[in-house]
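Below you'll find the structure, written out as structure tokens, and then a few comments.
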Amino acid sequence: MTPASTTAPAAGARALPPPAREEIRLEAVLHALSDPVRLCVVRELAAAEDELTCSRFDLPVTKSTSTHHFRVLRESGIVRQTYRGTAKMNGLRRDDLDALFPGLLDHVLRAAALQAARLGES
């Protein structure tokens, strides 16, 4: 997969501007990952083979709150969002995060999976 910071949107797509790789801050990433809803989104994106639409996520919040969570994830540098037609596609910026904070995302995802198993969550 090509790093998100260097990937141009597909023809007919428009990107929502995420921070450049060098602008991603650890505090913003940790803040974004500290919310259970946003962590759920990141876990699903990490498990996905490709980008997912916002409507693909079954979140226990209103649409406006869901929009807020996706904005926090985008502005923190965790996800990239691109419109394709009327669909907003979401992709994890794993390459950028791994380059800046080696192992952080893998450790957070592993800890989240262990916690979910311990609490009997999916």
Under a 3.5 Å distance rule, please check whether [X] uses its side chain to pair with a backbone N or O of [Y] as donor and acceptor.
X     : Y     : result
Ser76 : Val72 : yes
Thr67 : Lys63 : yes
Arg74 : Arg80 : no
Asn90 : Leu52 : yes

* ring-ring contact (aromatic ring centres under 6.0 Å, His included) partners of residues 99-121, not counting sequence neighbours, each pair once ->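 ring-ring contact (aromatic ring centres under 6.0 Å, His included) check on residues 99-121 returns no pairs.
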* Just grab all the ring-ring contact (aromatic ring centres under 6.0 Å, His included) pairs involving residues 42-79, residues at least two apart or on different chains. => Phe57-Phe70
* Asked: For Asp106, which residues count as a salt bridge (charged side-chain N to carboxylate O under 4.0 Å, His left out) partner, sequence neighbours excluded?
  ->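 Scan of Asp106 (salt bridge (charged side-chain N to carboxylate O under 4.0 Å, His left out), adjacent residues dropped) gives Arg94.
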* Which residues satisfy the salt bridge (charged side-chain N to carboxylate O under 4.0 Å, His left out) test with Arg110, sequence neighbours excluded? ->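 Counting only residues at least two positions away or on another chain, Arg110 forms no salt bridge (charged side-chain N to carboxylate O under 4.0 Å, His left out).
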* Does the side-chain contact (heavy atoms from CB on, under 4.5 Å) test come out yes or no for Asp50 and Met89, once each step is laid out? -> CA-CA 10 Å; Asp50 204 358; Met89 304 303 294; over 6 Å; no
* To do: Considering non-hydrogen atoms only, spot the tightest contact between Arg21 and Ala99 and give its length.
  => NH1-CB, 3.5 Å
* Any salt bridge (Lys or Arg N to Asp or Glu O under 4.0 Å) pairs touching residues 22-31, not counting sequence neighbours? -> Arg25-Glu27
How long is the span from the [atom1] atom in [X] to the [atom2] atom in [Y], to the nearest 0.5 Å?
X     : Y     : atom1 : atom2 : value
Ile78 : Leu45 : CD1   : CG    : 10.0 Å
Asp98 : Arg93 : CG    : CZ    : 12.0 Å
Leu26 : Leu97 : CG    : CG    : 10.5 Å

* **Val108: side chain to side chain contact (heavy atoms under 4.5 Å, CB included) partners, not counting sequence neighbours** =>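 Residues passing side chain to side chain contact (heavy atoms under 4.5 Å, CB included) with Val108: Leu33, Leu39, Leu104.
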* **side-chain contact (heavy atoms from CB on, under 4.5 Å) assessment of Arg43 paired with Arg38** => CA-CA 9 Å; Arg43 289 182 68 202; Arg38 293 191 292 263; over 6 Å; no
